[in-house]
Amino acid sequence: MTISSPRGFDRRSFLRSSALAALGASAAVPLLGACAPQSSSKNASGGKSDPIKVGVISPLSGAWTVYGKAHIAGFKLAVDEINAAGGTLGRKWEIVQADSQTQPQVVTEQANRLIREENVAFLAGTFSSAERNAAGPVVTAADKLLLYPTFYEGQSQKYYPGVCNPNIFMFGPEPSEQVWPHMDYIVKKHGGKFFMVGSDYVWPRETNRLTKQKLAELGGKVVGEVYIPFNTPQYGSVLSQIKKSGADVIFLSLTGSDTVNFRRQLAAAGMKKDFIVWTVDDEEAATSGIGPEATAGDYVSFDYFWSIDTPNNAAFRKKVRAASGNVLMDTVGVAMYNAAHMAAKAIELAGDVSTDGIREKLGGMTFDKAPQGSITMRAEDHQAVLPSYLVKVRPNWTGTDDMFEVVHNVASVTPSAAACTDLPLKAK
């Protein structure tokens, strides 16, 4: 595998508050204007003997480097495997890497650079929804594809071209895949009175809106709902509200340092014995940072966990350890791995490295070797159809291998249809 270094990269000061505001399946913010030269989707990038250059935009500096490390490691591992097998159409892959710094304006700059100066065939990555939305106008103007890996709030036409875009494919789960499959289990086992605590931006609000919809269908109700500004150090008033609410379940969509502070203070207040915590943000890396005492007995749901016991994941873990040492793979890293392999298959099927060819062949494709289990890219809205796992944090865990116990899983979850008015929903 060849990796090119970014040229002309203008590093800016990074504010942690900005990173948190754009975190994870983050808020949709006003789109930043971007304009890149038009390129014909009919033409392959490079000659038949040239490498296939792919632009990868990852958060490699700033507050979310833990995600960035897995992000780029997943894609690199897939590219190594593709190149070891002879490349695609006889051409090796070359990664041209860029650091987003979790700042949308940097994504706009880097997406334009990768397409205009580096002449990449397509883009993979960005992390937050704000980053994805910043890349949307660039890939639309240039007629290039973006393969997006992060769990997010779902597609709505009002955020086009960051979503509902024929040039963007979603490889991470949205709420009807991440939350809905496990609602019945939680309600039957622990009760249907939910107190929702989330960070104050669009992903928690949209996730909670959809969770409330499913909860009502099951006869449950929300007894409290609070959204917390980023970098809130103390949660005494929220804990007091929860104590008085009569809730059974604390449904948590806090992110970054806020989830650490909240869960430690919840445990310190002696409240864990009275409430069940279900979080939709904290994987092995975040749970490791919070510690065993404050996380024991909590639930987490995602399409992938490092510790899931499947033949695909056993083989994948060995490859990750051999290639990346101590990088802890997570859902976005696995999505990047899947995206690279599925794009390679699409190019082979299309017979060329063109936007039209990759887009046509990627829609409807199934990838049986995904670490989490078989996945399919739904053609009508470019949303991956994924497995879903609900895990429970074991008491006194000592590391990632003994941290989680899978208590419920669905092999393949059909997501809700995207709320889009144009393309991907039109049958061809």
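Side-chain atoms of Gln372 and Asn338 form a donor-acceptor pair, as typed in the model, at a separation below 3.5 Å. Side-chain polar atoms of Glu174 and Ser176 form a donor-acceptor pair below 3.5 angstrom. Between the side chains of Trp203 and Ser253, no donor N or O sits under 3.5 Å from an acceptor N or O. A donor atom on one side chain and an acceptor atom on the other are found under 3.5 Å apart for Ser100 and Glu131. Counting only N and O atoms by type, the side chains of Thr259 and Asp281 include no donor and acceptor under 3.5 Å apart. Between the side chains of Thr232 and Asp258, no donor-acceptor pair of N or O atoms lies under 3.5 Å. Between the side chains of Ser354 and Asp352, a donor-acceptor pair is found at a separation under 3.5 Å. No side-chain donor from either of Arg91 and Thr88 sits under 3.5 Å from a side-chain acceptor of the other. At a cut-off of 3.5 Å, with distance as the only test, no side-chain donor of Asp282 or Thr287 sits close to an acceptor on the other residue.
Using a distance-only test at 3.5 Å, with no hydrogens or angles considered, no donor-acceptor pair links the side chain of Glu405 to the main chain of Arg394. Judged by distance alone, the side chain of Asp99 and the main-chain N or O of Pro59 form no donor-acceptor pair under 3.5 Å. Asp303 contributes no side-chain N or O that, together with a main-chain N or O of Pro387, makes up a donor-acceptor pair within less than 3.5 Å. No donor-acceptor distance shorter than 3.5 angstrom exists from the side chain of Ser301 to the backbone of Val391, with no hydrogens or angles considered. Counting only distance, with no hydrogens or angles, the side chain of Trp180 and the backbone of Leu210 share a donor-acceptor pair below 3.5 Å. Side chain of Glu348 to main chain of Leu89: a donor-acceptor pair is present (N/O by atom type, distance under 3.5 Å, no hydrogens or angles). The main-chain N or O of Glu118 is found under 3.5 Å from a side-chain atom of Lys53 such that the two form a donor-acceptor pair. A donor-acceptor pair under 3.5 Å is absent between the side-chain atoms of Asn208 and the main chain of Arg205, judged by distance alone.
Residues Thr150 and Met170 are not in side-chain contact: their nearest non-hydrogen atoms beyond the backbone lie 4.5 Å or more apart. Using a 4.5 Å cut-off on side-chain heavy atoms (C-beta onward), Lys369 and His341 make no contact. The shortest distance between side-chain heavy atoms of Leu386 and Ile375 falls below 4.5 Å. Counting only heavy atoms from C-beta outward, the side chains of Val163 and Arg132 approach each other to under 4.5 Å. Side-chain atoms of Phe169 and Leu362, non-hydrogen and from C-beta on, do get closer than 4.5 Å to each other. Val300 is not listed as a side-chain neighbour of Val280, based on a closest heavy-atom distance of 4.5 Å or more. Looking only at side-chain heavy atoms (C-beta outward), Val406 and Asp309 stay at 4.5 Å or farther from each other. Taking the side chain as every heavy atom from C-beta outward, Val226 and Met196 never approach each other to under 4.5 Å.
Ring-centre distance between Phe75 and His71: not below the 6.0 Å cut-off. For Tyr389 and Phe302, the gap between ring centers reaches or exceeds 6.0 Å.
To the nearest 0.5 Å, atoms OG (Ser307) and CZ (Phe404) are separated by 6.5 Å. Taken from CD in Gln383 to OH in Tyr148, the straight-line distance is 11.0 Å, to the nearest 0.5 Å. How far OG1 of Thr331 is from OH of Tyr67: 9.5 Å, rounded to the nearest 0.5 Å. Between atom CG of residue Asn165 and atom CG of residue Leu145 there is a gap of 9.0 Å, rounded to the nearest 0.5 Å. In this structure, Ser257 OG and Phe262 CZ are separated by 14.0 Å, a value rounded to the nearest 0.5 Å. Here Thr108 contributes atom OG1 and Asn112 contributes atom CG; the two are 7.0 Å apart, rounded to the nearest 0.5 Å.
Taking the six-membered ring for Trp and thresholds of 30 and 60 degrees, Trp306 and Phe316 have ring planes more than 60 degrees apart, a perpendicular arrangement. Using the six-membered ring where Trp is involved, Phe367 and Tyr337 have ring planes that are tilted, between 30° and 60° apart.
In this structure, Arg359 pairs ionically with Asp143, as a charged nitrogen and a carboxylate oxygen lie closer than 4.0 Å. Using a cutoff of 4.0 Å between basic side-chain nitrogens and carboxylate oxygens, Glu206 and Arg209 are scored as salt-bridged. With respect to Glu153 and Lys158, no salt bridge is recorded, no charged nitrogen being found less than 4.0 Å from a carboxylate O. Looking at Asp298 and Arg263, a side-chain N of the basic residue comes within less than 4.0 Å of a carboxylate O on the acidic one, giving a salt bridge.
With sequence neighbours excluded, no residue forms a side-chain hydrogen bond (donor to acceptor under 3.5 Å, both in side chains) with Asp330. Asp368 pairs by the side-chain contact (heavy atoms from CB on, under 4.5 Å) definition with Thr366, Ser374, not counting sequence neighbours. Listed by chain and residue number, nothing satisfies the side-chain hydrogen bond (donor to acceptor under 3.5 Å, both in side chains) test with Arg264 (two or more places apart in sequence, or in another chain). Shown here are the side-chain hydrogen bond (donor to acceptor under 3.5 Å, both in side chains) partners of Glu225, two or more places apart in sequence or in another chain: Lys212, Tyr227.
Here salt bridge (Lys or Arg N to Asp or Glu O under 4.0 Å) pairs that include residues 313-326, with residues two or more places apart or in two chains, are Glu81-Lys319, Arg317-Asp401, Arg321-Asp401.
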Could you walk me through whether Asp184 and Lys214 pass the salt bridge (Lys or Arg N to Asp or Glu O under 4.0 Å) check? CA-CA 9 Å; Asp184 187 64; Lys214 180 60 66 174; over 6 Å; no
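Counting heavy-atom neighbours within 6.0 Å of Gln213 CD, excluding the residue itself, gives a total above 12.
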Please list, one pair per line, the donor and acceptor atoms closer than 3.5 Å that link side chains of residues 408-420 to other protein atoms, with sequence neighbours excluded.
{"unit_1": "His408", "atom_1": "ND1", "unit_2": "His182", "atom_2": "ND1", "d": "2.9"}

